[in-house]
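Shown next, in structure tokens, is the structure this report addresses.
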Amino acid sequence: MTVHPPPAGPTGPAGPTGPTGPDPLDHPDALYAGDAAATETLLRAYVRETGTAVPPAGQRLLLDLPASGVRLGVPVRYRSATGWHRFGPAEVLPAAGLGAPGPADAALVAAAVIRETTAGRGLPPHPGTDAVARVLNSARRTAAHIAARRAEPDGPDGSTGPDGFLAGEQALLLGHPFHPAPKSREESSDRELAEWSPELRGSFPLHWFAAHPSVVAGESWDGTDPAALLRPLAAGPDLPPGFVPVPAHPWQAREVTGRPEVARLLADGLLRPLGPGGRPWWPTSSVRTVHRPDAAVMLKLSLGMRITNSRRNNLRSEMRLGVRAARLLAAGPADWLRAEHPGFGILRDFAWISAGAGPDGGETGLETAIRDNPFRAGSGPHAVCVAGLLAERTGPGDGSPPRHRALLAAAVERTAAAGRLSVPEAAARWFARYLDVLAVPLIRLQARYGIALEPHHQNTLVGLDPADGTPCAAWYRDSQGYYLAASRAAGLERLLPGAADGVELVFEDAFVDERVAYYLGINNLLGMIGAFGALGLAEESALLAVARRALGRLRAAEPGAKGLLDLLLDAPVLRCKGNYLTCVDGLDELVGDVHTQSVYVDLPNPLAAR
């Protein structure tokens, strides 16, 4: 599927009321605001993945959906060169000019556009009902997040989180801007979600199991026993002598007891539930990874709940990859990064632990990855998840907008004040620094060693300079996102013999470049530019020029990055993951071959425009 660019015409950032009236996100009714957010995000993903042209701001997007006999009219608040459009409330338009338009809520829009998609593929309507249900579940959860945040003493523009790091992790009230169901969590009650949701500032003690050493699996990058890393964190439950502590998310602890392998371990006394214990942990933006401000590590817990497009069970193959990547980095690339880019770091998933094994040696649901945590209270750097930095906020509930629509807007305001710059000038300076601290180290790491990562917004963090709000440091996290270009495999084998043995790490160079062009190029950099534009901070064309200049300089300096940078700077289209189509198809992105886990589409490349 090829997406065609929108027709030429003026665009411009929408102000507090925009060209089509007040922003629906600020509506006093949290249910209305949540429904509007869900509808807007669904339509943003739909038009991107179906090649639907979006007219200029102030006009109306018309969607004819003959499979359901519906015609929708959607006011365009902001048209984005990179796809981060802002839409007003959708309406159902009467046929043949009869009657008056009527409001179209998320339920109607989801049912109509998803039926159009299934019909276009020659399918009956019912395969799309699961996707519709997820859109509506996400809308309901979003409304709950908005209502809870508005009820806080300092409202949605403030932060009552335990520390600065968590403020960013808890900022994603509306979720992924290009996903049709970014907050869908169907298998938990409202009470449970109040404890487990970062958007509701939940926290909880871990549930602990005692495992006999004979059924414990795991490893670490340097041979340290993973259980030794966990024992200080398991204070509370009494551990039987000789047994090993294994943590679990409270939801997972309840769910796994019904799995045959775990039930056998419990019946044989080789696994004993100890219940909740220890100090509370806070969920980060991924929900399953948890943080404690005083702990030396973060824990990536297995969570079989379906969130967006996947059940978040940890796979042992991914955890082995994390450990192997930690060893590979320690064999030389980490020292090079520290010397060349001291402000950039990689958070390693450097150890893992589990109990039991299925008949094929697979997962039991008790797998936990152990991650670096430099963001400890009182000693660590101030860092914010990029997705949280860009996350849109809603108004306080009286119909007015928030002071800052996103944390990014507040940061750019500091940059402007510190440098006595206009907001667009400050945005350009901020983005140039972002490229320096995040994009340049990632691209140079791939150029020098063939090691490529998946730096989407939730997987990247930035440190902001307290003096002027500009990026001064950056980090990458997540063991799922490592690729090694086949042309460089022999060199890394010399650094670390057996580097790729038994793990899915080596891929053809062209495939690696394609995936990095999506994760770094489309998702991260173009997504950042789109957020600047949608927030009214800068013209996207100006920031696209900043990116082209920076990436052009890098292409001249790093011959090893030519394949990737040729794609980003010259290719007329780029391959883009289709979250909407993946959702409609019911694919689990963590299951199956990496080449076919998600649907990909072609998008026009605005970086290639001259």
Side-chain angles (χ1 to χ4, degrees), residues 13-44 74-75 77-78 84-90 103 105-106 109 135-161 167-185 193-194 197-202 285 384-385 387-413 457 530-537:
T17 59
T20 57
D23 196 318
L25 297 181
D26 301 330
H27 195 280
D29 185 339
L31 282 173
Y32 182 95
D35 190 274
T39 304
E40 180 176 38
T41 305
L42 168 63
L43 288 172
R44 189 185 291 135
V74 187
R77 296 180 58 81
Y78 172 70
W84 197 308
H85 311 295
R86 291 296 319 278
F87 297 118
D105 61 4
V109 174
V135 172
L136 300 186
N137 180 270
S138 181
R140 179 172 174 269
R141 295 310 322 155
T142 300
H145 301 161
I146 293 171
R149 198 59 64 91
R150 285 177 174 178
E152 291 181 351
D154 50 3
D157 215 9
S159 171
T160 57
E169 301 295 325
Q170 296 170 342
L172 280 74
L173 302 189
L174 310 185
H176 193 307
F178 293 97
H179 197 291
K183 294 299 176 183
S184 59
R185 295 166 197 171
L193 287 170
S197 297
E199 305 88 352
L200 300 179
R201 307 204 195 277
S285 56
V384 60
C385 168
L389 186 76
L390 307 185
E392 293 168 306
R393 294 162 161 164
T394 75
D398 60 4
S400 66
R403 181 185 173 201
H404 297 112
R405 182 65 69 186
L407 290 168
L408 176 64
V412 171
E413 183 178 278
H457 286 163
F532 269 105
L535 292 167
L537 300 172

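Arg405 places a side-chain N or O within 3.5 Å of a backbone atom of Arg393 that can act as its donor or acceptor partner. Of the possible donor and acceptor atoms, one in the side chain of Arg44 sits under 3.5 Å from a partner among the backbone N and O of Pro177.
Here Arg185 pairs with His145, Lys183, Leu193, Ser197, Pro198, Glu199, Val287, Met305, Ile307 under the side chain to side chain contact (heavy atoms under 4.5 Å, CB included) rule; sequence neighbours left out. Remark: Pro24 engages Tyr32, Ala36, Arg77, Pro89 in a side chain to side chain contact (heavy atoms under 4.5 Å, CB included) (not counting sequence neighbours). Considering only residues two or more places apart in sequence or on other chains, Arg141 meets the side chain to side chain donor-acceptor pair (under 3.5 Å) condition with Asp190. Ala30 meets the side chain to side chain contact (heavy atoms under 4.5 Å, CB included) test with Ile146, Ala147, Arg150; sequence neighbours excluded. The side chain to side chain contact (heavy atoms under 4.5 Å, CB included) check on Ala409 picks up His404, Leu537, with sequence neighbours excluded. Contacts of Glu392 classified as salt bridge (Lys or Arg N to Asp or Glu O under 4.0 Å), with partners at least two apart in sequence or in another chain: Arg86.
Considering every non-hydrogen atom in both Ala38 and Ala106, the closest pair reads CB-CB, 4.4 Å. Pro180 approaches Leu42 most closely through the heavy-atom pair CB-CD1, 3.7 Å. Closest non-hydrogen pair, Ala90 versus Val109, comes out as CB-CG2, 4.2 Å. Between Phe532 and Val412, the closest heavy-atom pair is CE2-CG2, 3.7 Å. Nearest heavy atoms, Asn137 versus Ser184: OD1-CA, 3.2 Å. Counting all heavy atoms, side chain and backbone alike, Ala534 lies closest to Tyr78 at N-CE2, 3.5 Å.
Going from atom CG of Asp23 over to atom OG of Ser400 covers 11.5 Å, rounded to the nearest 0.5 Å. Separation of atoms CZ (Arg140) and CG (Leu31) is listed at 9.5 Å; rounding is to 0.5 Å. Annotation: the span from Cys385 atom SG to Leu172 atom CG amounts to 6.0 Å, rounded to 0.5 Å. Atom CD of Gln170 sits about 9.5 Å away from atom CG of Leu200, to the nearest 0.5 Å.
Each of Leu408, Leu535, Val384 was scored for a side chain to side chain contact (heavy atoms under 4.5 Å, CB included) with Leu390, with one residue passing: Leu408.
Residues Thr142 and Thr41 have side chains not in contact (no heavy-atom distance under 4.5 Å, counting atoms from C-beta outward).
In this pair, His176 and Phe178 present their aromatic rings perpendicular. The plane angle is above 60°, beyond the 30 to 60° band.
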